2 protein chains.
Amino acid sequence: MGYSIKTIAQKTGLSQYTLRYYEREGVLPEVSRDANGNRCFHDEDLELLSLIRCLKDTGMPIAEIKQFITLSREGREALSEQCKLLEAHKRQIEEKIQFFQSFAQKIDHKIAYFNSLEQEAKAEMK
Amino acid sequence: MGYSIKTIAQKTGLSQYTLRYYEREGVLPEVSRDANGNRCFHDEDLELLSLIRCLKDTGMPIAEIKQFITLSREGREALSEQCKLLEAHKRQIEEKIQFFQSFAQKIDHKIAYFNSLEQEAKAEMK
DNA sequence: GGTTGACTTACAGTTAGCTCTAAGGTCTAC
DNA sequence: GTAGACCTTAGAGCTAACTGTAAGTCAACC
């Protein structure tokens, strides 16, 4: 009835340490427990974890994710604020994409330049 | 007659601390000094710093940048290895772009979902 | 000639985000 | 009934990448 921390670690790719840390820090809302006091994750937790990963891996700091999650507990009154947070983050992701694309180009030019130097060096060897 | 560390900090947006740290760590090759022992940056340093920033901001760890810079000092023999490093990194950037794009989409869906919840809530208010 | 300001070094401190250890509880299988 | 696998908490430790401090050098101005 529900997933153990081990299972969730496997399913999410996060370590058990990290999962406990997230709960401690309020990044993940309190996970329910079984009769022995062991964590008992549910599908909603999995879903939330997937969103958390998405936010984290796109560069949102833990503290901000926590803020977002805290808003979740406030129900419908907080929805518009949550939306604002997500929208602001999405703009940041888009900026990063632009940034990365221009950097990929720059690196491309560097590679081309290095290759030309290499050709030159080979020509001199003859 | 070369730029002071303060000027370079302004030009690059990196702090003086960071610039010294980079030199100490070998991320930036040794900077030449004036008669008083003060750092005296040149345009080549600026150019290299621009590449370093590009690598760092696209997620290359300091240690790897150092490796790349160390190769620079080995001259033409190291060119192909440098190219390999850059090409590998470029692939990583491209993966990240893909990843970010899919995450941006996911966040979009979430925003749409939240908006629909909000509309619902408003409808109930009437 | 004293103070101000920019620089130097060596090294200690900070932050985020984990990651690990120690000490212990509980269940299952032999 | 004990070994092993699983879990728990509290709290210490780690890594990367800075960031700050202390003590000192040097040149320029009043």
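Each chain gets a letter, A, B and so on, in the order the sequences are listed, and its residues count up from 1. Note that the structure is predicted; figures quoted are calculated from it, not measured.
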Legend entry - Closest non-hydrogen atom pair, B:Val27 against B:Ile69: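 Heavy atoms only, the tightest pair is O-CG1, 3.0 Å.
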Inset, instruction - Kindly give the heavy-atom pair with the smallest separation between A:Thr58 and B:Phe100, and that separation in Å. - result: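 A:Thr58 and B:Phe100 have their closest heavy atoms at CA-CZ, 4.0 Å.
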Legend entry - Contact interval (first through last nucleotide) of DNA chain C with protein chain B, 4.0 Å heavy-atom: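 The contact span of chain B on DNA chain C goes from C:dA6 to C:dC11.
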Legend entry - Over 12 foreign heavy atoms within 6.0 Å of CD, B:Gln101: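 Atom CD in B:Gln101 is packed in, count exceeds 12.
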Legend entry - Heavy atoms from other residues, nucleotides or ligands near CD of B:Glu87 exceed 12 (cutoff 6.0 Å):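 Counting neighbours around CD of B:Glu87, more than 12 heavy atoms of other residues, nucleotides or ligands fall under 6.0 Å, so yes.
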Inset, instruction - Output all residues satisfying ring pair (Phe, Tyr, Trp, His ring centres under 6.0 Å) with B:Phe103, sequence neighbours left out; order by chain, then residue number. - result: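 Per chain and number, B:Phe103 pairs via ring pair (Phe, Tyr, Trp, His ring centres under 6.0 Å) with B:Phe99.
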Legend entry - Any residue of residues 25-48 of chain A with a heavy atom less than 4.0 Å from an atom of DNA chain D: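 Within residues 25-48 of chain A, the residues near DNA chain D are A:Arg33, A:Gly37, A:Asn38, A:Arg39.
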Legend entry - salt bridge (Lys or Arg N to Asp or Glu O under 4.0 Å) partners of residues 25-36 of chain B, not counting sequence neighbours, each pair once: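 For residues 25-36 of chain B: B:Glu23-B:Arg33.
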Compile the donor-acceptor pairs under 3.5 Å between side chains in residues 43-57 of chain B and protein atoms, sequence neighbours left out, one pair per line.
unit_1	atom_1	unit_2	atom_2	d
B:Asp43	OD1	B:Tyr3	OH	2.7
B:Asp45	OD2	B:His42	N	2.8
B:Ser50	OG	A:Lys106	NZ	2.3
B:Arg53	NH1	B:Thr12	O	2.8

Listed partners of [X] passing side-chain hydrogen bond (donor to acceptor under 3.5 Å, both in side chains), at least two apart:
X: B:Glu94; value: B:Lys90
X: A:Glu74; value: none
X: A:Ser102; value: none
X: B:Ser80; value: none

Legend entry - Residues from residues 2-10 of chain B lying under 4.0 Å of DNA chain C - heavy atoms: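 When residues 2-10 of chain B is checked for heavy atoms under 4.0 Å from DNA chain C, the hits, listed by number, are B:Ser4, B:Ile5, B:Lys6.
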Listed pairs, N/O of protein and of nucleotides 15-18 of chain D, under 3.5 Å:
unit_1	atom_1	unit_2	atom_2	d
D:dA17	OP1	B:Ile62	N	3.4
D:dA17	OP2	B:Ile62	N	3.4
D:dC18	OP2	B:Tyr22	OH	2.6

Inset, instruction - Sequence neighbours left out, what pairs pass side-chain hydrogen bond (donor to acceptor under 3.5 Å, both in side chains) with at least one residue falling in residues 109-121 of chain A? - result: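 Output for this query lists A:Glu120-B:Arg76.
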